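Step one of this worksheet: look at the structure below.
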Amino acid sequence: MSHAIDIRDLQYRAGKTFEIRDLALRVPTGSLYGFLGPNGSGKTTTVRLMLGLLRPLSGSITVLGAQVPRDIPRILARTGYVPEQPHLYQSLTIDEALRFHSVFYPTWDWGWANELFGHFGLERDRRLSQLSKGEMGKLEMLLALAQRPELLVLDEPTDGLDPVVRRDVLGALLEYVSQQNATVFISSHLVHELERICDWVGVMDRGRLVAELPMQSFKNGIKRLRVANPPALPGDTPFVVLAREVNNGTETWTVRGWQPPMSQYFDGVGASLREVIDLDLEEGFVELLRTFRVPRE
Amino acid sequence: MFRMILFTQWKWSRLAVLLGTLAAFLLPILSVQHAGSREVTPWEARMLLTSIQSWSVLYPTLATAIALTLALMAWSADHRGRHVYALSLPVPRWHYALQRFGAGAVLLIPPAIALLIGALVAAALATIPHGLQTYPVALAARFALAMAVAYAVFFAISAGTTRTAGYVLSIVGGIIVVQILTAAAGLDVHLIPFIGDRLLLWPGPLEIFSGRWMLIDV
């Protein structure tokens, strides 16, 4: 499997309080990779490191087969970037911003830019400083998509947008991906949004990658189990026990890496498995972070 | 690419360019309004030169003001966006900075040309006493060069981070403090005049700002 983004042993420090340690992250080519994490976990810093906006202390970053920071102009020419905060020149009109942006990208597609323009309902003569958050979000996505990039790096692209705008923006993104087979790296703390569109997920917390796996495995692998007559100590389990809670003689176990044949474990320890409850991504995400943080607190 | 960068810089600083161009055109014309007839006494000729000289301080001031404004405007939009947009564009950073510098330098041309035209008009309109000469081209060339030097200095400072600006201000402040302390201690140290001379007198980098900025001279 080839990787559009390959980060190894990355170290970065910002001030005395925040650091990224030993970050290793691989985004399969052609995947829609959701990069999850709470606020302040290091998502935006990671994005900026991979696009050469920040310099790491050590480690290697390869994007689209080229090295960061050595080949950064070549990488950026093939990458559409939507940052967390609007970054365009506020005094320009939309039309001027489009013309300015287009001259930097040899693959810029005016035909599609105009199509998106109509689809998003933007007005060419409006100043960027007069745009609402939703309109700015649409414009940022338009600029990123009309470059016809091989890789889209989106940092909280729908944060603060209303549902209608969010649907428009994500719709355009998915349409592009289906046409071009581009890789999408989308950072967000909106778990449900990523659950619907992503096929890979990476979870970041406190500057470290907590988990990286296919979305399906992530969703299916974290379960809540209702266990009767549980053992005092779980011993050598075939799954990872994230949490145990006692409820009226039974226990509720939150586990990771669950597969149906593993129910035999309970027969072996004299317990019985009463129920397997699916968790949605958000619950799984919360449980994952909780267990990651426990040993460190 | 350069055309679009020039366009953005023009959009951000056009008011300063237009006002600077107007001022550069009017300044030499206003400076000769007291020029009299061809036949004047040496005393009257000296008075005319004094009048012209009193205006001469405005040329380097105007050049500095225009250069400072254009240099600040060249980076202000990028500073507001914390340079994220510029850094995410697929061009080497030195290339982008060079294009921004070049665009600002192009915008210095209208005030320089306006001053040349204004100086030529002033020289044509004014009645110059015998023994005195007009120097419109030399004045315009000096003005253009002063703008270019000031622009380069301010562009380099404003391209840096707030920390860089802090370092520059700290150095200037430190020099002033040392001068005050040594003066208070009764020491014969003239730090500021020494540095000023090194910067403003030949072969100092800012020598263009000193000397005679005279449209009419002997």
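Residue numbers start from 1 in every chain, and the chains themselves are labelled A, B, ... in the order their sequence lines are given, proteins ahead of strands. Keep in mind it's a predicted model, so treat the numbers as computed, not measured.
- Contacts between residues 72-85 of chain A and chain B, defined by a heavy-atom separation under 4.5 Å, are made by A/P73, A/L76, A/A77, A/Y81, A/P83.
- The distance from the CE atom of B/M1 to the CZ atom of A/F100 is 9.0 Å, given to the nearest 0.5 Å.
- Counting only residues at least two apart or in different chains, salt bridge (Lys or Arg N to Asp or Glu O under 4.0 Å) contacts with residues 40-60 of chain A comprise A/K43-A/E156.
- Heavy atoms of A/Q90 lying under 4.5 Å from chain B are absent altogether.
- Between B/F2 and A/V103 the shortest side-chain heavy-atom distance does not fall below 4.5 Å.
- Heavy-atom proximity under 4.5 angstrom to chain A picks out nothing from residues 176-205 of chain B.
- No cation-pi contact links B/R80 to A/Y89, judged by a cut-off of 6.0 Å to the six-membered ring centre and 45° from its axis.
- Interface with chain A: from residues 91-105 of chain B, residues B/V91, B/P92, B/R93, B/Y96, B/R100 qualify, criterion being any non-hydrogen pair under 4.5 Å.
- Proximity of A/T93 to B/K11: side-chain heavy atoms (C-beta onward) are separated by under 4.5 Å at one or more points.
- Within 6.0 Å of CZ on A/R124 lie more than 12 heavy atoms contributed by other residues, nucleotides or ligands.
- In this structure, OH in B/Y85 is found 5.0 Å from NE2 in A/H101, a value given to the nearest 0.5 Å.
- Chain A forms more heavy-atom pairs under 4.5 Å with one residue of B/H83, B/M4, B/R82 than with any other, namely B/M4.
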